[in-house]
Structures are given as C-alpha cells and as structure tokens.
Chemist: 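Sharing a structure here in structure tokens format.
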There are 2 protein chains.
Amino acid sequence: METRIERIKKQLHSASYKLTPQREATVRVLLENEEDHLSAEDVYLLVKEKSPEIGLATVYRTLELLTELKIVDKINFGDGVSRYDLRQEGAAHFHHHLVCIECGAVDEIQEDLLEDVEAVVERRWNFKIKDHRLTFHGICYRCQAKVEEKTV
Amino acid sequence: METRIERIKKQLHSASYKLTPQREATVRVLLENEEDHLSAEDVYLLVKEKSPEIGLATVYRTLELLTELKIVDKINFGDGVSRYDLRQEGAAHFHHHLVCIECGAVDEIQEDLLEDVEAVVERRWNFKIKDHRLTFHGICYRCQAKVEEKTV
DNA sequence: ATAGTAATTGTTACTTAATATTAATTATAA
DNA sequence: TTATAATTAATATTAAGTAACAATTACTAT
C-alpha cells in the first residue's frame with residue numbers, strides 16, 4: 001500500500017507534478033476502495049472524512065490528473081455520473097466490467113481477453129489501438145442464484 | 001426507408017405506444033443521420049428544422065423510449081454527453097466503435113467479433129450476457145496517413 | 001534566510017445536460 | 001358526445017462538472 005503510493009508519487013514527479021497532501025488523501029481513498037467504482041462526489045465525501053478542509057474542485061482536478069497519467073480510468077456506466085477506477089499496476093489496458101441489470105453490481109475482469117479481437121481490428125480496420133472500454137450488461141451470478149431459489 | 005419506419009411503428013405499437021408526428025420526425029432524423037452519433041441536443045436541433053414546434057423534452061422522451069425498445073442505443077464516449085445510435089435491424093447486440101484520439105472521429109464496426117470472448121465470460125464468470133459495449137480508442141486510418149505524410 | 005516565481009488549493013459562481021412539473025392538447029373508448 | 005388516457009410544449013429545477021480568482025503553499029535563486 002505504502003509502496004504503491006510511493007510509486008504513484010514517482011509517476012507524478014516524472015510528469016513534474018507533486019503529491020500534495022490533498023492528492024495523497026485522494027489517492028488513499030481510491031486505494032482503500034479499489035473494489036468500488038466511485039464517482040467524484042463519492043471520492044469527495046470519503047476524502048472529507050479524513051481531510052475535511054479539502055475542496056470539491058481539488059478532487060475533480062486530482063481525478064483528472066490521475067486519469068491523464070493513466071493511474072485511474074474514467075468510466076461511465078450510463079447513469080449520468082463519471083466513475084473512477086484504479087488501473088492495475090503495470091496494466092497496459094483498462095480492465096473490463098460486468099454490470100448486472102438486476103442489482104446494479106459492477107464486477108471486474110482483470111484478464112485481457114481481447115488480444116485476438118484487437119489483432120483483427122488493427123488489421124482489418126487499420127486502426128492503431130491505444131486503449132479500450134469493454135462492458136457486459138447482463139445478470140450476475142448472485143442474481144441468477146436468486147431467480148433459481150424462487151422457481152424451486 | 002419508409003418500410004423501416006413502418007417496422008419501427010409496429011415495434012412501438014406492439015409495446016402499446018403510438019408513432020406520433022413528433023416521434024416520427026425524431027426517428028427520421030436518426031435514420032437520415034445514421035452514420036453520426038448525435039446527442040439529444042443535436043437531434044433536437046435537426047428535428048426543429050422540419051418540425052419547429054417540437055419541444056426538447058419530447059425529443060428526450062422519444063430517445064428514452066427508443067432506447068427502451070432497443071431501437072437505438074445510448075452511448076457515452078467520455079465527453080459529458082449521451083449519444084444515440086440506431087441499432088442495425090435485427091441485431092441482437094450493439095455494434096462496436098472506434099474512437100480516434102487524434103481527430104475525434106467515431107467509426108463503427110458492425111461485425112460481432114465478441115462471440116468467443118462472451119462464451120468465456122459466461123462460463124468463467126457465470127454471467128448471463130444480455131448486451132455489451134465495446135469501444136476502442138486509438139488512431140484511425142486517416143490520421144495514421146496524415147502522420148506518414150509529415151514524416152516523409 | 002529572503003524575496004520572487006510558479007504551482008496548487010478552496011470558495012464561489014457558473015454552465016449545461018438531463019429531468020420533473022404542469023397545464024394544454026390530442027387520441028382513444030364508452 | 002363525453003370521459004379517459006396518452007402525449008406534448010413550455011418552463012422550472014436538479015445536479016455534474018467547469019471556470020474564475022484570490023489565497024496559500026512550495027520551490028528557486030540570490
């Protein structure tokens with residue numbers, strides 16, 4: 001955890017940004033809630049718990065900065081809110097998501113899975129892929145279990 | 001074109017909705033700009049050209065309705081605006097997109113390409129897939145050509 | 001250390017996409 | 001025709017995100 005923050009600090013420095021206390025507090029919230037898909041507002045409220053003096057605009061600016069440095073990815077699941085998701089360390093591409101249309105849960109897929117598809121797209125469409133967004137909408141394993149219970 | 005509107009009319013009717021003049025005007029704009037990825041505001045302005053009396057909320061409601069019936073898909077490319085994209089007739093799944101990070105162009109891929117990946121996801125994550133969103137970010141063939149010109 | 005410069009922040013105002021409200025209109029059914 | 005339901009236009013409202021700007025903090029060069 002600490003080492004992860006250290007590495008993020010270095011990433012910022014090599015792009016000539018500083019890891020200010022506000023930025024560190026924001027990064028810590030993201031690390032502590034890595035499983036979730038927090039909106040900027042969510043992050044703001046969580047950061048405020050430990051650093052009440054922080055301003056909303058600073059959180060937005062920090063998230064924008066982290067997005068720019070590919071430390072987090074900004075994603076949109078169709079509700080009107082952008083969400084921020086820490087990238088796995090060293091991951092070249094953004095991971096995928098499973099959005100349950102029953103319960104709204106969002107699960108992550110860290111495996112790439114798209115290598116073959118991307119090779120086809122690069123060749124057939126002559127498109128130089130830099131990143132991707134892949135989200136599946138459907139029924140998660142938990143909700144499938146619930147339906148079975150009812151029908152039994 | 002006319003037959004396509006007829007079929008959309010039937011889809012609406014079988015869900016007990018009417019194809020009002022306002023809804024028809026909106027659908028026509030979507031059909032006439034099938035290549036584009038219009039925002040609700042874009043659609044509103046285009047519909048207004050031919051039906052100046054239409055209200056913005058009606059356009060929003062119509063787009064929401066068409067989304068619900070899977071006639072169009074709502075998509076978000078990261079700018080703060082939702083865009084609406086006609087689904088290919090009979091297509092089970094939403095098509096994919098290529099977003100150019102140089103010029104902003106959005107191209108479409110109508111081929112599925114995800115069949116194998118979806119089979120893996122359904123099995124390994126026990127997730128019942130109903131739909132998907134796949135967008136690649138990168139450099140389109142046009143911008144690649146431009147860079148080559150410069151370096152020659 | 002000190003003055004000066006640049007980066008960063010907090011507050012507040014503002015913009016704008018999208019939704020909610022409501023009265024009026026249109027279509028449908030009895 | 002009268003009543004009922006669906007749909008609409010106009011307007012007000014909400015809320016995510018951005019912009020402006022003065023104040024603070026950090027760094028640089030003397």
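Residue numbers begin at 1 in each chain, while the letters A, B, ... track the order of the sequences.
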Chemist: Which residues, if any, of residues 48-55 of chain A bring a heavy atom under 4.0 Å of DNA chain C?
Modeler: A/Glu53, A/Ile54, A/Gly55
Chemist: Starting from P on D/dG17, measure out to OH on A/Tyr44 and report it in whole angstrom.
Modeler: 15 Å
Chemist: Is there any protein nitrogen or oxygen under 3.5 Å from a nitrogen or oxygen in nucleotides 25-30 of chain C, and what are the pairs?
Modeler:
none

Chemist: Quick check for you: to the nearest 0.5 Å, what is the distance between A/Thr58 atom OG1 and A/Leu65 atom CG?
Modeler: 11.5 Å
Chemist: In whole angstrom, what separates A/Asp42's CG from D/dG17's C1'?
Modeler: 15 Å
Chemist: C/dA7 phosphate, OP1 or OP2: any side-chain N/O from A/Thr20 under 4.0 angstrom?
Modeler: no
Chemist: Ignoring hydrogens and geometry, is there a side-chain-to-backbone donor-acceptor pair from B/Asp36 to B/Leu38 under 3.5 Å?
Modeler: no
Chemist: Would you mind checking if A/Arg28 and A/Glu32 are paired as a salt bridge, meaning a charged N to carboxylate O distance below 4.0 Å?
Modeler: no
Chemist: For A/Lys18, does its backbone N or O pair with a side-chain atom of A/Arg23 as donor and acceptor, under 3.5 Å?
Modeler: yes
Chemist: Using a 4.0 Å heavy-atom cut-off, write out nucleotides 14-21 of chain C from 5' to 3' as B (base contacted by protein), S (sugar-phosphate only) or - (no contact).
Modeler: ---SBBBB
Chemist: Does D/dT25 have its OP1 or OP2 closer than 4.0 Å to a side-chain nitrogen or oxygen of A/Gln22?
Modeler: no
Chemist: Once you round it to whole Å, what is the distance between P of D/dA6 and OH of B/Tyr17?
Modeler: 10 Å
Chemist: Under a 4.0 Å N-O cut-off, is there an ion pair linking A/Asp131 with A/Arg87?
Modeler: yes
Chemist: Does A/Ser16 use its side chain to pair, donor to acceptor, with the backbone of A/His13 at less than 3.5 Å?
Modeler: no
Chemist: Test of understanding: with ring pair (Phe, Tyr, Trp, His ring centres under 6.0 Å), list the residues that count as partners of B/Phe94, not counting sequence neighbours.
Modeler: B/His97
Chemist: For residues 116-126 of chain A, dump all side-chain donor-acceptor pairs below 3.5 Å to protein atoms at least two apart in sequence or in another chain.
Modeler:
| residue | atom | partner | partner atom | Å |
| --- | --- | --- | --- | --- |
| A/Glu118 | OE2 | A/His132 | ND1 | 2.6 |
| A/Glu122 | OE2 | A/Ile129 | N | 2.7 |

Chemist: Would you say B/Gln110 has more than 12 foreign heavy atoms packed within less than 6.0 Å of its CD?
Modeler: yes
Chemist: It should be established whether B/Thr58 places a side-chain nitrogen or oxygen under 4.0 Å from OP1 or OP2 of nucleotide D/dA9.
Modeler: yes
Chemist: Tell me: CG of B/Leu19 to C1' of D/dT7, nearest whole Å?
Modeler: 13 Å
Chemist: Which other residues end up in the same hydrophobic cluster as A/Ile139, if Ile, Leu, Val, Met, Phe, Trp and Tyr are linked when side-chain heavy atoms come under 4.5 Å apart?
Modeler: A/Ile101
Chemist: Tell me whether A/Asp42 is salt-bridged to A/Arg83, with the criterion being a basic N under 4.0 Å from an acidic carboxylate O.
Modeler: yes
